[in-house]
Structures are given as C-alpha cells and as structure tokens.
Amino acid sequence: MYVCAVANQKGGVGKTTTAHNLGMVLGRKKKVLLIDLDAQSNLTDACGFVQSDLHGSAYEVLGGSKGLEDAVLSLERGIDLLPASRDLAVAELAFASKLGRENLLKKALKDAAYDFAIIDCPPSLGLLTVNALTAADGVLIPVQAEYYALAGLDLIRETMQGVIENLNPRLHTLGILLTFFDGRKSLNRDVAAGLQDRWGNLVFKTAIRDNVALAEAPSNGQNIFDYRRQSYGAQDYAALAREFMLRVRKQ
C-alpha cells in the first residue's frame, strides 16, 4: 500500500479538495482508503456524511478503541473513508502521554488491504500531521498561487526533514501542486515561475485551475466528477492522477 499525505500547514490551499478528488480518480482502478485527520471534518462532509452517520472515526482508531475495519465507511466500490470526528480537536492532549504517539496511524494501517491511502492532514504541523508523515511514503503539498503560500513551503519541508531523521527515513516529497491557478493573472504566473525555479521537478506539471465547480461540489456532498464531469476541475484532477501514478511508479 502506498500512503500519501496531503499536507500544508496553511489552510485554504486545497488539501481536502485534492485528497477527495485524487482518491476518487485512483479508486476507478485501485482500492483506495481516504483518511480524514482534520477535526473540521471537511473531507467527511465532502463525501456526504454527517457526524450522526459515523460508527467510528479516526480519533477512535488512533486511540485504539476501534479497529480500522470497524470505523471505515464505504463511498463506492473500491473506495472507503476513515472519517473525522470533532474529537480530533483534543487529540494532541489526549494522546500526549501515549507511548509511540507519533506512530499511532502507522500502527493502525499496518494490515490495511488497500492499494493507496490518501490522508487529508489538518492545517497545522502538530501531532496529527506528524502521525500522517510517519505513516506516509510520500507527501503531496498543495500550494495556492500566491506569495504567502510559497513562504510556508520551507516550514513543511523542515517538519518533513525532522520526521525523516527521527521517525520515517523512507518519507519523500512526491510533489508540489499549484492550486487556484488562473493563467490570466500575472501574480499567478509569477508564483508558478518562482516555484519552478526553486523546486524544479518537484513541482507537478499539472496545475489545478481556479474553478467554481470545485467549490460547489463539496456543498452537494459530491466529488467533482459526479458533480460536473466536464469542468476544468475534473479535467485537472484526472490529469493529476495520471501524473501521480507515474511518480509513484518511479519511487
């Protein structure tokens, strides 16, 4: 199983949208587990579930009171979701005294029978994100096409380096994904050029264009392909999935 953490400590850069839609494309041919590690439960909501639908959550799985198979929800054939609950908001405190607290997710996924696990990380670099990085093979970093978003790349890379040195030496950057991109705007073009100059081949060739359908789909509990298959958003995430698979095969 290849585990990919979708991570960036900055909020609003498209982590949930990317985890959701990438997972749905991969699930056409592979068995996929989506994991919501954010207490805001945006991925869970986007998949059409509310808190009353849950019979378990990532919090309980991390804490050991439920097994993974007892908490997952089925989205469609080949695609499952480990949902988030609001209890994740207190995970830092609740798991602080646990031995091996950075390895809770890795342990929970040990016997999982999936081809891919895609983790939607919270907008922070705390214990939950460290758990995701410790369990992951690769990290996909969405970056919004603005200068403030670029500044945060160094911080996530520093956190990754600490995880590599102390917890997970196999962790690598799968790629940096430019989101909310509008080629008509000079700022967006400048940011894209700056990313390419500094990070080179780590930047995905695919950029996710700014597209209203991507914002509308989650409010309908749908992925972009079910909501508006012909949209730019659907086209871009299909292209991302192809590039994602090529990069995974090269690892």
Side-chain angles (χ1 to χ4, degrees), residues 1-24 26 32-47 57-59 61-63 68 71-72 80-92 94-95 101-109 112 114 116-144 149 152-164 166-168 170-180 202 204 208 218 237 240 244:
M1 180 174 70
Y2 185 90
V3 181
C4 176
V6 181
N8 189 326
Q9 75 281 359
K10 190 176 187 304
V13 298
K15 291 189 296 295
T16 299
T17 300
T18 297
H20 187 197
N21 293 302
L22 175 61
M24 298 308 293
L26 296 175
V32 173
L33 175 65
L34 295 173
I35 301 173
D36 191 349
L37 278 191
D38 189 350
Q40 297 178 76
S41 305
N42 289 335
L43 178 56
T44 302
D45 294 342
C47 291
S57 72
Y59 179 83
V61 171
L62 291 173
L68 180 66
V72 296
D80 290 340
L81 169 71
L82 176 59
S85 68
R86 297 182 186 91
D87 293 329
L88 285 171
V90 298
E92 299 269 348
F95 301 146
R101 58 188 175 272
E102 299 91 351
N103 289 284
L104 298 175
L105 183 59
K106 181 180 179 180
K107 181 179 177 182
L109 295 178
Y114 297 90
F116 292 99
I118 309 294
I119 308 170
D120 183 23
C121 296
S124 72
L125 296 177
L127 180 60
L128 291 173
T129 296
V130 170
N131 259 266
L133 299 180
T134 303
D137 298 291
V139 183
L140 191 161
I141 309 173
V143 176
Q144 192 171 356
L153 270 176
D154 289 331
L155 191 55
I156 182 73
R157 296 273 291 174
E158 286 175 14
T159 301
M160 286 178 61
Q161 190 57 40
V163 171
I164 290 167
N166 297 287
L167 296 164
N168 180 11
R170 75 179 188 281
L171 183 68
H172 63 273
T173 302
L174 184 66
I176 298 168
L177 175 67
L178 191 63
T179 59
F180 298 95
L202 282 179
F204 280 98
I208 307 301
Y237 276 109
L240 174 65
F244 176 94

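Shortest non-hydrogen contact noted between Leu133 and Asn168 is O-ND2, 2.8 Å. Across all their heavy atoms, Pro123 and Gln40 have their closest contact at CG-NE2, 3.9 Å. The two residues Ala58 and Leu37 make their nearest non-hydrogen contact at CB-CD2, 4.0 Å. Residues Glu102 and Val130 share a closest heavy-atom pair of CG-CG1, 3.9 Å. Here the shortest heavy-atom pairing between Leu82 and Leu33 reads N-CD1, 3.9 Å. The two atoms that bring Thr179 and Pro142 nearest to each other are CG2-CB, 4.1 Å, heavy atoms only.
With rounding to the nearest 0.5 Å, the separation of NE2 in His20 from OG1 in Thr44 is 10.0 Å. With rounding to the nearest 0.5 angstrom, the CG atom of Asp137 is 8.0 Å from the CE atom of Met1. Atom-to-atom distance recorded for Ile176:CD1 and Leu174:CG is 10.5 Å, nearest 0.5 angstrom. Atoms CG and CG, from Leu140 and Asn8 in turn, are 10.5 Å apart once rounded to the nearest 0.5 Å. A distance of 8.5 Å separates OH of Tyr237 from CG of Leu22, quoted to the nearest 0.5 Å. Atoms CD and CG, on Glu92 and Leu127 in that order, are 5.0 Å from each other to the nearest 0.5 Å.
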**OP:** Go through the steps for Leu177 and Ile208 under the test side chain to side chain contact (heavy atoms under 4.5 Å, CB included), then give the verdict.
**Re:** CA-CA 8 Å; Leu177 175 67; Ile208 307 301; 3.9 Å; yes
**OP:** Go through the steps for Leu88 and Leu62 under the test side chain to side chain contact (heavy atoms under 4.5 Å, CB included), then give the verdict.
**Re:** CA-CA 10 Å; Leu88 285 171; Leu62 291 173; 4.3 Å; yes
Subject >> Worked verdict on Tyr114 versus Leu109 for side chain to side chain contact (heavy atoms under 4.5 Å, CB included) >> reply: CA-CA 10 Å; Tyr114 297 90; Leu109 295 178; over 6 Å; no
Original post:
Going through the checks in order, is the side chain to side chain contact (heavy atoms under 4.5 Å, CB included) test met by Leu153 and Ile141?
Top reply: CA-CA 8 Å; Leu153 270 176; Ile141 309 173; 3.7 Å; yes
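The closest donor-acceptor contact from the side chain of Lys15 to the backbone of Cys121 lies at 3.5 Å or more, if one exists at all.
By the 4.5 Å heavy-atom criterion applied to side chains, Ile118 and Cys4 are counted as neighbours. Annotation: side chain of Val61 is not in contact with side chain of Val72 (no heavy-atom distance under 4.5 Å). Within the 4.5 Å cutoff, the side chain of Thr129 has heavy atoms near those of the Pro122 side chain. Counting only heavy atoms from C-beta outward, the side chains of Leu105 and Thr134 never approach each other to under 4.5 Å. The shortest side-chain heavy-atom distance between Val3 and Ile35 does not fall under the 4.5 Å cut-off. The shortest distance between side-chain heavy atoms of Leu26 and Tyr2 does not fall below 4.5 Å.
In summary, the aromatic rings of Tyr59 and Phe95 are positioned with their centroids under 6.0 Å apart.
Partner of Thr16 under the side-chain hydrogen bond (donor to acceptor under 3.5 Å, both in side chains) criterion, out of Asn21, Asn42, Asp120: Asp120 alone.
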